[in-house]
2 protein chains.
Amino acid sequence: MRNTEQKSVILEVLQTHKDHPTADQIYSEVRERLPRISLGTVYRNLEKMSQAGVILKLELGGGQKRFDPTPSDHAHFRCVICSAVEDLPEDLRIDLPELSTLDNSKRVVLGNTLEYYGYCEKCAAERQLN
Amino acid sequence: MRNTEQKSVILEVLQTHKDHPTADQIYSEVRERLPRISLGTVYRNLEKMSQAGVILKLELGGGQKRFDPTPSDHAHFRCVICSAVEDLPEDLRIDLPELSTLDNSKRVVLGNTLEYYGYCEKCAAERQLN
DNA sequence: TTATATGCAAAGTGTTTGCATAGCA
DNA sequence: TGCTATGCAAACACTTTGCATATAA
């Protein structure tokens, strides 16, 4: 993996985020610094970095992939109606079993994500009305 | 939600699965019983049933949504290289915090999924070679 | 009877890819 | 120098949607 300005700007932009931006959110922010960068380059770099374990590619619903600068444990709540994704409080995180207990295969475990799903506050309210 | 033959066949087909088929896998199996059903109908019904909490829509990576007949707790392993999704042994499941502890919002929690990610056995092996 | 569901096909959305050029190592 | 990354645009894969018709309640 070669070091290019595009790649480092993408990573820097991503690291300023506390949430999980989509590729085109990243693209538009990166373009403020590199106006000629292409969306394809953004996708290619995000993909490579997530394969390298530098960042995390999340598939949280809503049709768009999201990217996380800190590949650490996370808990999210996803609404099955409107696809909204909300972060859950840190202290919700539970102690997961030792990764090695996954089984005795040769998988390399980089991390995990925990996702709750259901109706968000807004959709739950609208549901009551029907 | 009206009961139609299409809907019940879709649900029946899904319930024969122990894995998490994609919409077009379901479509092709349903078509053996209802040759004139359309893909759009399959999508519409899967969406409705997942909104109703009857089934679970999973976004596990690989670009395709997957559907699960039993909206119960699940643990998966996803390869960040090849996007393969593997089921993890049942006994891996951990005791999650009481859903009510999520916070004191008015969210309705239907369930949760736990996902590990990393390199699957095959991709881990190929990675060693490089 | 009438509102919801269907089949069909077209449109949409997000993502990937081929190719010629640029630029890192 | 040689090989990887880029920009551009076209192609792709999956999903959603408009519309006229069919059908459950």
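Here is how names work: the chains are called A, B, and so on, in the same order as the sequence lines, proteins then strands, and each is numbered from 1. Side chains are part of it too, since the values below use all heavy atoms of this structure and drop only hydrogens, waters and symmetry mates.
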| request: Between B/Val42 and B/Arg2, just flag the one whose closest nucleotide in DNA chain C comes earlier from the 5' side. | output: B/Arg2

| request: With DNA chain C as reference, determine whether B/Met1 or A/Lys65 sits nearer its 5' end, using the nearest nucleotide of each. | output: B/Met1

Return the minimal non-hydrogen interatomic distance between [X] and [Y], and the atom names on each side.
X       : Y        : answer
B/Arg78 : A/Lys57  : NH2-O, 3.3 Å
B/Phe77 : B/Tyr117 : CE1-C, 3.8 Å
A/Ala23 : A/Leu39  : O-CD1, 4.5 Å

| message | I want to confirm an ordering. Mapping A/Ser38 and B/Glu47 to their closest nucleotides on DNA chain D, which one lands closer to the 5' end? | response | A/Ser38

May I ask you to verify if any side-chain N or O of [X] is less than 4.0 angstrom from the OP1 or OP2 atom of [N]?
X       : N      : value
B/Thr4  : C/dT4  : no
A/Gln6  : C/dG23 : no
B/Lys7  : C/dT4  : no
B/Lys48 : C/dT4  : no
B/Thr41 : C/dG7  : yes
B/Asn45 : C/dT6  : yes

Between [atom2] on [N] and [atom1] on [X], what's the gap in Å once rounded to a whole number?
X       : N      : atom1 : atom2 : value
B/Glu5  : D/dA22 : CD    : P     : 17 Å
B/Gln64 : D/dT16 : CD    : P     : 12 Å
A/Met49 : D/dA5  : CE    : C1'   : 13 Å
B/Tyr27 : C/dC8  : OH    : C1'   : 10 Å
B/Asn3  : C/dT6  : CG    : P     : 10 Å
A/Arg31 : D/dC8  : CZ    : C1'   : 13 Å
A/Leu58 : C/dG14 : CG    : P     : 17 Å
A/Leu34 : D/dA5  : CG    : C1'   : 14 Å

| message | If you apply the rule side-chain contact (heavy atoms from CB on, under 4.5 Å), what do you find for B/Thr113 with B/Leu56, and how did you get there? | response | CA-CA 10 Å; B/Thr113 60; B/Leu56 176 58; 4.1 Å; yes

| message | As an exercise, state the distance from CD of B/Gln64 to CD of A/Glu59, rounded to the nearest 0.5 Å. | response | 11.5 Å

| What distance separates B/Ile55 CD1 from B/Glu47 CD, expressed to the nearest 0.5 Å? | 8.5 Å

| said: If you take any heavy atom closer than 4.0 Å to DNA chain C, which residues from residues 13-24 of chain B end up in contact? | reply: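 Listed by number, there are none.
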
| message | With hydrogens left out and only the distance checked, is there a donor-acceptor pair under 3.5 Å joining A/Arg44's side chain and the base of D/dA5? | response | no

| task | Kindly determine whether A/Gln6 and A/Leu34 satisfy side-chain contact (heavy atoms from CB on, under 4.5 Å), including the steps that lead there. | result | CA-CA 8 Å; A/Gln6 287 87 338; A/Leu34 303 174; 4.1 Å; yes

| field | CA sep, side-chain torsions, deciding dist, call: A/Val85, A/Leu58, side-chain contact (heavy atoms from CB on, under 4.5 Å) | value | CA-CA 11 Å; A/Val85 175; A/Leu58 296 166; over 6 Å; no

